[in-house]
Amino acid sequence: WLVRALPLRNEAGEIVKWYGTNTDITEQKELQRQKDDFLGIASHELKTPITSIKAYAQVMQKLFLRSGDNRNADLVGKMNRQINRLNSLVGDLLDVTKISAGRLQFNYETFDFNQLVEEVIEDVQPTTTKHLIKKALSFKKELTGDRDRISQVITNLLTNAIKYSPEANEIIIYTEDYNGEAKLCVQDFGIGISSEKKDKVFEQFYRVSGTQEYTFPGLGLGLYISSEIINRLGGKIWVTSVEGKGSTFCFSLPVKQLSI
Ligand code: ADP
């Protein structure tokens, strides 16, 4: 049951009486569950063929390169980038259904944080010709946590920094020791976010509408998933931003993470 209290006011605006309403939300919850189930099954079913298309396209690209057919290798390269986008969109939908069903699981391992950051940069840098990702990685310790999930968060922050910087061409990624924890920030000099919208960007499906000149594609899920991952690993994620000047997204993580 959802219980709501509504005030009845007199002409002076003073409350003279309270009305109570009770709404049965069992049906709403059931509908929500059905929606989550559908999204979960649909994204899971889509994931399988996308994974094999991706594997075939990668082999094709290698074959074209080996035979010196650069024109076709280039075309398949473009195809690969779109497949990767599709894969990450479907992956985000799948993650959201896992989060709402309480089924987002973590696998723990001890790994070199620096190396992980380097790997993500290596993967993301080729997706842009305009931007240069500069790095200053001063956090040198190993972390115990979910390497793949942390990689997903860093990828999300970097791809957002690129996407929301249509004119600037520099992105800076830096890591440092933060009271014994690992801290990572991605700074861009793009469109920025106004102060009243700043904290909403971590909400599910929230998107700031584009600027007058630009529209940006997306589902509004990346930061929601990222904040869920960081919070569950016992860390914090935040943003500082000036509209029109750029944003800095940061997270901190304990060296040894335990899922909450
Ligand atoms: P998406 O990018 O798919 O919309 P996200 O959850 O990653 O979803 O981001 C939510 C919103 O936060 C974006 O729609 C955008 O308005 C804003 N945002 C995220 N990163 C940046 C950034 N680096 N600069 C400016 N705005 C950003």
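Numbering of ligands and ligand atoms starts at 1, following listing order.
For Tyr206, every heavy-atom contact with ligand 1 shorter than 4.0 Å involves the backbone, none the side chain. The proximity of Asp188 to ligand 1, defined as any non-hydrogen pair under 4.0 Å, is limited to the side chain. Using a 4.0 Å cut-off between heavy atoms, Ile193 contacts ligand 1 through its side chain alone, with no backbone atom that close.
Residue Phe251 is tested with Leu184, Leu233, Asn231 for a side chain to side chain contact (heavy atoms under 4.5 Å, CB included); the sole match is Leu184.
Panel note: side chain Arg232, backbone Phe106; no donor-acceptor pair is recorded below 3.5 Å.
Residue, atom and distance of the protein heavy atom nearest to atom 8 (O) of ligand 1 are Gly220 CA, 3.2 Å. In terms of protein heavy-atom proximity, atom 5 (P) of ligand 1 is closest to Leu223 N, 3.7 Å. Shortest contact from atom 17 (C) of ligand 1 to any protein heavy atom: Val201 CG1, 3.8 Å.
Looking at Phe249 next to ligand 1, no N or O pair under 3.5 Å apart turns up.
Distances from ligand 1 to the non-hydrogen atoms of Lys163 include at least one value under 4.0 Å. Within the structure, the closest approach of Gly192 to ligand 1 falls below 4.0 Å when heavy atoms are considered.
Summarising the geometry of Ile193 relative to Ser241, their closest heavy-atom pair is N-OG, 2.8 Å, with the distance given to 0.1 Å.
Comparing Tyr164, Tyr224, Phe202, Phe189 by heavy-atom distance to atom 2 (O) of ligand 1, the nearest is Tyr164.
Salt-bridge formation is detected for the pair Lys135/Glu118: a Lys NZ or Arg NE/NH1/NH2 atom is positioned less than 4.0 Å from an Asp or Glu carboxylate oxygen.
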